Amino acid sequence: MRRVRPGASASRGGAGGSPSRAAGEERALTSVAAGDRYAKEHGTRERGREHRAAPAHDGGAAPADLPRLWHITLRVSGAEAPLQEVRRGLEQLAHDHPFLLTSRYADDHAEIRYWEEARDLHDAAAVALRLWGEHRQSARLPPWEIVGLEVIDRETYHQRLAEGYGPPPATPVGVHPF
């Protein structure tokens, strides 16, 4: 893994004397300290690893490092593919990824909705962004790219439903055409 000194940016292209990542080589994800301003505004302290407690679903407080449920909506799009192949691929993805709630598809795009358990939004989003690529070969999914991602916590999801906006509950569960 190539390291970059603090304050410097890594070159994205082949120019500038920095080699690009080889095809298939994964980029390491790292965390960055939030800083004093964020800590003051959000009640956290980075060095002591003290975190403000997140509200628990029973009304009490739970440590912020415990996993939470996140509602994921992933949208992919690309060149047209036969509808039967898209459906079969999404059904295989649902079999491989048992938390999949529903998928809607057309010949050139699809939307996948599911719940993910993760410590925070960053972890949930990272997992969601890898979902399509990691299952593309095994589920024989079309070579589409991710064009949209929404990650919201469970409380926000239910609040949206109660207020009459946001995505309707994922019923019926399964793979369906748009």
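It should be emphasised that the depicted structure is a prediction, and the values quoted were computed from it without experimental measurement.
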Practice task
With sequence neighbours left out, write down each residue that passes side-chain contact (heavy atoms from CB on, under 4.5 Å) with Arg140, or none if nothing qualifies.
Solution key: Arg88

Exercise for the section: Measure the shortest side-chain to side-chain distance between Ile152 and Arg160 over non-hydrogen atoms and say whether it is less than 4.5 angstrom. Expected result: yes

Exercise for the section: Enter the distance from Leu74:CG to Glu116:CD here, rounded to the nearest 0.5 Å. Expected result: 11.0 Å

Problem - Cluster check Leu121, Leu131: I/L/V/M/F/W/Y, side chain < 4.5 angstrom - result: yes

Handout entry: ring pair (Phe, Tyr, Trp, His ring centres under 6.0 Å) partners for Tyr105, two or more places apart
Key = none

Problem - By side-chain contact (heavy atoms from CB on, under 4.5 Å) - contacts of Gln137 (at least two apart) - result: none

Exercise for the section: Look up atom CD in Glu111 and atom OG in Ser103, then write down how far apart they are to the nearest 0.5 Å. Expected result: 9.0 Å

Practice task
Compare every heavy atom of Ala110 with every heavy atom of Leu90, then report the nearest pair and how far apart it is.
Solution key: CD1-CB, 4.2 Å

Practice task
Quick one: pull up CH2 in Trp70 and CZ in Arg119 and give me the separation to the nearest 0.5 Å.
Solution key: 10.0 Å

Exercise for the section: Hey, can you tell me if Trp132 and Trp144 have their rings parallel, tilted or perpendicular (30° and 60° cut-offs)? Expected result: parallel

Problem - For Leu129, side-chain contact (heavy atoms from CB on, under 4.5 Å) partners two or more places apart - result: Ile146, Leu149

Problem - More than 12 heavy atoms of other groups within 6.0 Å of Gln84 CD - result: no

Practice task
Indicate whether any N or O donor in one side chain lies under 3.5 Å from an N or O acceptor in the other, for Glu155 and Gln159.
Solution key: no

Practice task
Kindly give the heavy-atom pair with the smallest separation between Leu83 and Ala106, and that separation in Å.
Solution key: CD2-C, 3.5 Å

Completion exercise
Tightest non-hydrogen contact, residues Val86 and Ala81, listed as CG2-CB, 3.8 Å

Practice task
Applying ring pair (Phe, Tyr, Trp, His ring centres under 6.0 Å), name anything that partners His109, two or more places apart in sequence or on another chain.
Solution key: Phe178

Problem - Qualifying residues under side-chain contact (heavy atoms from CB on, under 4.5 Å), relative to Glu117, sequence neighbours excluded - result: Pro67, Leu69

Fill in the blank from the handout: Closest non-hydrogen contact found for Arg87 with Pro177 is NH1-CD, 4.2 Å

Practice task
Measure the spacing between OG1 of Thr102 and OH of Tyr114 and express it to the nearest 0.5 Å.
Solution key: 14.0 Å

Handout entry: Rounded distance (nearest 0.5 Å) linking atom OG1 of Thr156 with atom CG of Leu161
Key = 11.0 Å

Practice task
Hey, can you tell me if His158 and Trp115 have their rings parallel, tilted or perpendicular (30° and 60° cut-offs)?
Solution key: parallel

Practice task
Evaluate the side-chain proximity of Ser138 to Gln92: yes if any heavy-atom separation is below 4.5 Å, no if none is.
Solution key: no

Practice task
Verify, without hydrogens or angle tests, whether Arg68 (side chain) and Arg154 (backbone) share a donor-acceptor contact under 3.5 angstrom.
Solution key: no

Exercise for the section: Could you check if a side-chain atom of Leu101 sits within less than 4.5 angstrom of a side-chain atom of His71, using non-hydrogen atoms only? Expected result: yes

Problem - Distance in Å, Ile112 CD1 paired with Leu141 CG, rounded so as to fall on 0.5 Å steps - result: 7.0 Å

